[in-house]
Structures are given as C-alpha cells and as structure tokens.
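Reminder, nothing fancy here: chain letters follow the sequence lines and each chain counts from 1.
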Amino acid sequence: MSAVLVRGEAWSKIPDDLYIPPDALEVILEEFAGPLDLLLYLIRRDNIDVLDIPMAEVTRQYMVYVEIMKAIKLELAADYLVMAAMLAEIKSRMLLPRPISSPEEEADPRAELVRRLLEYERYQAACENLDKRVRVGRELFLPEISMEARSLERPLPTVSLEDLLSALRVVLQREEAFAHHRIMREPLSVRERMTRILERIHSDGFTEFSGLFEIGEGKRGIVVTFLAILELVRESLVMMVQNEPFAPIHLKAAA
Amino acid sequence: MSDIRVRDIVQAALLVAGEPLTLERLGSLFADEAQPERATLLDALEEIRIACAEGPLELQCIDRAYRLQTRAEYAPWLNRLFAERPARYSRAVLETLAIIAYRQPTTRGEIEAIRGVAVSSDIIKTLLSREWIRQVGTKEVPGRPALYGTTRAFLEHFNLTSLGDLPSLSELRVVAVDQAGQAAEAHDTEAHDTEAHDTEAHDAEAHDAEAHDAERDRSEAAG
Amino acid sequence: MSDIRVRDIVQAALLVAGEPLTLERLGSLFADEAQPERATLLDALEEIRIACAEGPLELQCIDRAYRLQTRAEYAPWLNRLFAERPARYSRAVLETLAIIAYRQPTTRGEIEAIRGVAVSSDIIKTLLSREWIRQVGTKEVPGRPALYGTTRAFLEHFNLTSLGDLPSLSELRVVAVDQAGQAAEAHDTEAHDTEAHDTEAHDAEAHDAEAHDAERDRSEAAG
C-alpha cells in the first residue's frame, strides 16, 4: 500500500515543502486505529527500540501528527490528546534526576507505556493474522446444491395416550370445581356405538333397525347397540319410524 | 496453479453458484486471455456429467443453463436433514379431542360447556384434518350443529382396539381428585408449555386462538 | 436403492446442508433401523476427504461439525462468479474482533484499554450483526458491562476448526517476522501498514513475561 511509503517519506519532518491533497491526507491519518497505533508506527519507522524510547523525540513527532490532524480539522478522538498528555508527563519525569542512593532502581517512567505498546502490538499481529486467514466468501465458497424432490411436509405431531388422558383429567378437575356438568353417564362402549350408528344412518338414509345388530357380538354387544339407539333417540339425534305394528322398524337421522 | 483444469473450475462454480449457470457465465469466470472455447466448456460439462455418475449429484440443464443437483433417490435421507421438529398440539386441542372421545357424538357447544371456554374452529379443523374426528351427523336443535365422533385413525394412533380400552371416567375421576393438589400446580406450568409450543406451530392463526384459550384456561384454573 | 452407500448419503447431505453437520446430525439422516455406527460415519467422511483430493472441494471440520468447501486456490475464478465484492472491515473492527477472540470473555472497557482508543458501539454492533461475537454474560463490576465471546459463526467464517487453531500471541510475533516479506507480496490488496511494523524484529527474549501471558491468554481462549 502506497500509504505506508507516503507516510514514511512525507511525514518524517514538518511538511512545509510537501504537497498532499487534503483528502488523501485525511485518508492517511484516518488509517491510524488510535494513538497507540500512531505511536507504534513512529517507533517502528525510526527503528527505535521499544524498551528504550527517546521520549523527547517521539513526543515531538507525535505532536506533529496531532497538530496536522487538528489543522485539517480531522475529527480527533480525545484519546489522541490523552496520549499527548501522557507522553508529556513521561518526558518531564525522565528529566528529573533519579535518586542514586535507592537500592532498587526506581521504575522507569516509560514502563507502563512500553507495556501497553507491546500488548497492543501483540493484538495487532493477531488482527493481521486473522485478516489474512482464508475466509468464506473471499477465498472459500460453500456448495449450495439444490435438492431434487425435496418435500416440505412437516411431520405431524404425535400424541401419547397419556397426554390425552392428562388433558382429560384437567377437564375433570375443572368440572369438579364448577360441577355444572356431568360429562357422561353411559359406558364408553355405548358412546362409541352411538357414533358408529349415527355414521351408518347418516350415510344410508333409512336404516333397518335389526340391521344394526351384529349377532356375532353376542348378548353384550346387542345390549350395547340397543342402549346406544335408545340414547340416540332420547337425545333426538335419530328418529325411529314404524309404519304399522310389527312392520320393520327404520331409523333415520333426525330431520 | 497451472494444474487447475477448466473442468475443475467449472465444477467448483456449479457447486457454489446456487443457481444454474449458462455457458456465457461459465466463460466469464476466466480472465480474458485465458478464456476457454465454447467447445472446451462443453467438454468440461460432459466430463463432469460422466464423473458424477458415481456420486449423489447429477448435472441438469435447464433452459441452456447448467446446475448440479442431488439425485431424486437421495430425497428420503435428505428430507430428514431439513425435517423440522414436529409441532405439538396445544392443550386446548387435546382437551377437545378427549371430550369428543368420551362424549361422542357431541357438538362444539357441548364441548364448550364442559371446557368452560370457546372452542375455536381452528381446533376442530386441526382434529378434522388429522382425521382423528369426523362429523357423524347434525344435532336437530336450532342452528343444526355438527355432531363429532372419533375415527378409526384415532384408535390406530392411540393403539386402541376400541374406545372401551380407554379408562372409564370414574377411574380417571378418582385419580384426578387424588391428584388435584399437585395437578393444580402442574397445570400452571403446562399452560406455559402450551403457549411455548404455539409459538413454534405451523398455523399461526390457529395457535393464536389456542394460546388465547390456554390463557383463559389458566386464569380459570387459578381462580 | 440398496446400492446407495452411506458415504454417498453423507456427501449429498454435506453438499445441500448449507452449514456444517455434526456426526449426530449425519446419523439422523438414517431411519432408526438403518442408523450407521459412529465409526461408519467417520469412515465415510474419511473416504470423502480422500475422494475430494482430486476435485475443487475439501472437507473441513468446524467445531466438531463437517462441511465441504472450495479450496482457496479457486478463489480467483469463483470471485468472478459473484458480482458482490466480499465485505471489507476496518482495522478497528478487526482489531476488536481479534482481541475478543483471544481474550474472551471480555468487556468493551478491556478492549478499549488494549487499543488505547474508544470502541464505538457501531463496531460492536457490526460484529454482533455478523454474529461473529455475542454477549456471553455480564461482568459483576459496577455498571455490569457486557462480556463478549466469539461464536460458531466466527469459526465458520474464518475457517477455524476451533479457537485452538489460532496461533498463540507469542507464536504470532515470530511468524510475523519470518514471513513479513512474502506476506507483503502475497496480500497486496489486503496489506496493512502494520506489516511495516512487523518487519522490525524486536528482542523476543526480552519479553518472556509477555510470551507467558500470551500462552495463558490462548489457553483461556481455547478453553
């Protein structure tokens, strides 16, 4: 990227003699990801040992950039000014004579700055490495094969008998609480038979009474069918028709 | 990179394009100076067609554009890949079904009287479309409401020989009364479940209505 | 259909799924009675990996799930297939992502401390909306800041089998120095001015303590 070169060449001194279109300048300066990035750039550009930063020189160069940014009215993050203050502070502490008598060497005023620069540099390297990785949509593409005979049917829910009965228990509990209704008196077999008879009557129109009985079911089955018919009649769900005494009895859905 | 053949590039493009590719589009993958002949592209496609024969893909030409797709024989497996988890029926649906089973032939009005809440037509539709209930007649009262009963499919699903296999109501009632204490609490959490299932259900409208029911049921249970 | 092999079914599924598939998900393609052993599935995947070697695809494992993807060498041609240029992200976004990847779970405040500059909420939003990061909790300090971590989509996008695939921070510096030359050429469009920094080797031994931290960071990130 030519920007590096431009920076390297162009911004090593105050740019009196330099002409860069203001837009390009902004682009260059905006590329710094923050004050630490700018500082690292200055240090690397001049081959400075991070562990022995010449504070006066680095601070001066840093301020040149900050002044340029201000001059071109780049929206300057407050963080740049905070860093400027920090650099100035370190510089002034470096100027103070160190107490020679102290057995342990007093901490270098630059230590915290160095720690931050090195830490940030590690993450910059991590960032760069991440950026260089092959990525989906840039170097890698994923197959997108369409499927022949795809069915969009959604499987139907299954219900267990236990689910059904527990639903019913809830109804019964409510019923106990309110007690307006008795759900039923008849045994289930009669209820079921009522449904079957209604189905037949419904589809056949007139149905012969005797045809509803299956002799093979035995006495119990016959009783169930008979009770079912009586219940249907009682609930006015079917009509019984007999044209004359002893004539065949017919059943018909209530009209 | 000189060992990458035209055929491999064409195949890669067909795999990732997500849509059929014309010969022109396939040609445009190559830089101008490396543009292959039309015949070269057709040869590449033919090679791909032959190479595919062993695997799950086939080359299809749709309106002068080519695409790779899975063979229809793979549908049974691949459909399982996309199978959504089955929805669950709300408590309102199950209660309605249980009442129809025990009280058949019965009308919506009777079910409502027992449940104490409205039974939405979506609930009835759900059960009808599942073929667990059907209309077995009409009741000769004003409005001529439909009478519903359970079906053979209902017996089959619940693995019942006949309705007589279901426990009698009096048996259930004893259990219900015994458990009333715990159940009252349990119902509360179940009602929450119901609502959760509704949100993932396929028929938003149906389930809105049911969620509403569940809400009402719950407040009644609490009251 | 008895001639359809497990391997073909697995391959078909990987081609149509549109996302990495776990062994469990691959197993679920088969009916219960035909469920293959885990080892059979692994064999099938291995066969696919080998068979792929000739073509444009490769098998990749992302967080215990498998996918087929085109080899990076095909990028020049395949990029011409798509009109849309791949999105580029600013340094600020990528630095933030890298810090989250290595230091997760971490807060915006911690990221700001490392970068020495405010992290705008747009940066966080960009990463959240790409689903590369997500909030994994809140830090129990005043203000209860959100803790961020990377996601499976992050691994998928950056072609990582796991976070452990990322080089440790201490490794990175050595690599950066060794490869600075080639890297600058290879990625002319991607090059950043940071590469210029990396060409300047610094005394790695002097930073033993740092390297140690880096190692710890990484194992935490992988864990």
Side-chain angles (χ1 to χ4, degrees), chain A residues 1 3-5 7-8 28 30-41 43-51 77-80 82-83 86 115-148 150, chain C residues 12 14-16 18 57 67-72 74-75 78-79 81-82 86-87 89-92 94-95 97-99 101-102 113-118 156-160 166-167 169-170 172-173 175-176 183 187-188 190-200 202-203 206-207 210 214:
Chain A
M1 192 180 283
V4 174
L5 189 68
R7 255 193 232 151
I28 291 164
E30 270 178 355
E31 257 181 49
F32 288 114
L36 283 173
D37 190 28
L38 171 55
L39 212 49
L40 267 179
Y41 163 71
I43 289 168
R44 293 301 169 217
R45 186 193 62 189
D46 292 351
N47 265 324
I48 294 168
D49 180 358
V50 187
L51 298 180
D79 306 278
Y80 281 95
V82 171
M83 177 59 73
M86 186 184 175
R115 188 198 64 76
R116 288 185 62 187
L117 284 171
L118 290 175
E119 182 179 43
Y120 178 59
E121 193 181 42
R122 291 193 313 195
Y123 285 106
Q124 273 197 338
C127 168
E128 223 183 303
N129 176 267
L130 196 63
D131 196 26
K132 278 183 199 154
R133 288 195 68 86
V134 292
R135 283 197 234 168
V136 171
R138 202 174 68 176
E139 289 86 11
L140 298 183
F141 298 87
L142 303 177
E144 217 178 295
I145 293 298
S146 51
M147 183 184 145
E148 191 60 6
R150 175 164 178 177
Chain C
L14 292 174
L15 288 167
V16 303
L57 295 180
R67 76 174 178 203
L68 286 167
Q69 61 192 30
T70 57
R71 294 178 197 285
Y74 287 82
L78 296 180
N79 271 313
L81 190 59
F82 301 102
Y89 296 92
S90 68
R91 279 264 305 282
L94 288 173
E95 280 184 14
L97 180 61
I99 294 168
Y102 279 86
I114 291 170
R115 295 194 56 229
V117 69
E156 286 177 21
H157 187 82
F158 288 91
N159 197 36
L160 293 161
L166 288 174
L169 287 179
S170 52
L172 266 171
R173 273 187 294 193
V175 170
H187 283 267
D188 51 332
E190 302 299 328
H192 284 296
D193 42 296
T194 43
E195 277 166 8
H197 308 182
D198 291 323
T199 57
E200 317 293 340
H202 48 265
D203 187 359
H207 316 308
E210 303 280 336

Kindly write out the residues that satisfy salt bridge (Lys or Arg N to Asp or Glu O under 4.0 Å) with A:Arg116, not counting sequence neighbours, or none if the list is empty.
-> none
Check each atom of C:Ala12 against the heavy atoms of chain A and say whether the ones under 4.5 Å are side chain, backbone, both or neither.
-> neither
Mind checking what makes ring pair (Phe, Tyr, Trp, His ring centres under 6.0 Å) contact with C:Phe158, not counting sequence neighbours?
-> C:Trp132, C:Phe154
Between C:Glu156, C:Arg71, C:Arg115, which has the largest tally of heavy atom pairs under 4.5 Å with chain A?
-> C:Arg115
Kindly assign one of parallel, tilted or perpendicular to the pair A:Phe141 and C:Phe82, based on the angle between their ring planes and the thresholds 30° and 60°.
-> parallel
Counting heavy-atom pairs under 4.5 Å with chain C, the top scorer among A:Leu142, A:Leu130, A:Leu36 is A:Leu130
Heavy-atom pairs under 4.5 Å with chain C are the metric here; pick the option from A:Ala126, A:Ala78, A:Ser146, A:Gly34 that has the most.
-> A:Ala126
Distance-only polar pair, side chains of A:Gln124 and A:Tyr120, donor-acceptor under 3.5 Å = yes
